[in-house]
Amino acid sequence: GAGVSQSPRYKVAKRGQDVALRCDPISGHVSLFWYQQALGQGPEFLTYFQNEAQLDKSGLPSDRFFAERPEGSVSTLKIQRTQQEDSAVYLCASSIPGHSFKETQYFGPGTRLLVL
Amino acid sequence: AQTVTQSQPEMSVQEAETVTLSCTYDTSENNYYLFWYKQPPSRQMILVIRQEAYKQQNATENRFSVNFQKAAKSFSLKISDSQLGDTAMYFCAFTDNAGNMLTFGGGTRLMVKP
């Protein structure tokens, strides 16, 4: 079956531009997560949705970062007024709470963002 | 807060040999879940193996097995009969019983040499 998909795969932005990153989770997966992965490091949690509700946004680094999942399926991570330190790979993952392996998250290929 | 530490930034192994990747973690929780994820150069994170803390038996998945030492808070990954396709970054990860965010270690870059 189809896995988690993300678009675009690569994005180059000039400093100060706004960007929008899209995530399509696995069909039926209620939980959706965003992570930020800097070069050579492990992913770091940004935010978490259960259906359309954003239950945890403690990892968002600043108020320039905003995520939404209005219909409980596709999610968009928006970064306003991008800065060079925003350059990273943004990973999306989904999972099924209540499933016997609810804690297992399935990841998309990521969006590599480069801010010049 | 939970932390995950991978003390080996890079490792290499000859094809067909066995290699062990280390992971330690810190938590005050009694029940939690541990994972090893593989991230090949294409960057798609793939689940390798998972372990539930309340299960004493070590998880195994074909050539991959773990050595889970709960008291020591250690969760190492053993790869037997290493294959060229095992070359990747390997991340150890933790989540608590709520099953929410994953906390990752810094990763170990594994190179399998022919």
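Each chain gets a letter, A, B and so on, in the order the sequences are listed, and its residues count up from 1.
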Is a side-chain N or O of A:Y35 found less than 3.5 angstrom from the main chain of B:L102, in a donor-acceptor match? yes
Looking at A:G108 and B:Q44, what are the two nearest heavy atoms and their distance? C-NE2, 3.5 Å
Should the heavy atoms of other residues, nucleotides or ligands under 6.0 Å from NZ of A:K57 be counted, would the total exceed 12? no
Could you see if A:L39 belongs to whatever hydrophobic cluster contains A:L91? Use Ile, Leu, Val, Met, Phe, Trp, Tyr and a side-chain cutoff under 4.5 Å. no
Counting C-beta onward and ignoring hydrogens, is there a side-chain heavy-atom pair between B:Q39 and A:V89 closer than 4.5 Å? no
Kindly indicate whether the side chain of B:F91, heavy atoms from C-beta on, has any atom under 4.5 Å from the side chain of A:Q37. yes
Any chain of hydrophobic side-chain contacts (each under 4.5 Å) joining A:Y10 to A:V19? no
Can you get from B:W36 to B:V19 by hopping between Ile, Leu, Val, Met, Phe, Trp and Tyr side chains that sit under 4.5 Å apart? yes
Interface moiety of B:Q6 toward chain A, non-hydrogen atoms closer than 4.5 Å: neither
Please answer: with hydrophobic residues joined when any side-chain heavy atoms are less than 4.5 Å apart, are A:W34 and A:F65 in the same cluster? yes
Are the side chains of A:T104 and B:F35 in contact, using a 4.5 Å heavy-atom criterion? yes
Given the side-chain rings of A:F107 and B:Y37, with only the six-membered ring counted for Trp, is the space between their centroids under 6.0 Å? yes
Considering only heavy atoms from C-beta outward, does the side chain of A:P43 approach that of B:M45 to under 4.5 Å? yes
Can you tell me if CZ on A:R15 sees more than 12 non-hydrogen neighbours from other groups inside 6.0 Å? no
How many angstroms lie between CD1 in B:I46 and OH in A:Y106, if you round to the nearest 0.5 Å? 12.5 Å
Within a radius of less than 6.0 Å around CD of A:E85, do more than 12 heavy atoms belonging to other residues, nucleotides or ligands occur? yes
If I measure from the heavy atoms of chain B, does A:E44 come under 4.5 Å with its side chain, its backbone, both, or neither? neither
Heavy-atom cut-off 4.5 Å, strictly under: side chain, backbone, both or neither for A:L46 against chain B? neither
Mind checking whether A:F49 and A:I26 sit in one hydrophobic cluster, side chains of I, L, V, M, F, W, Y counted as touching below 4.5 Å? no
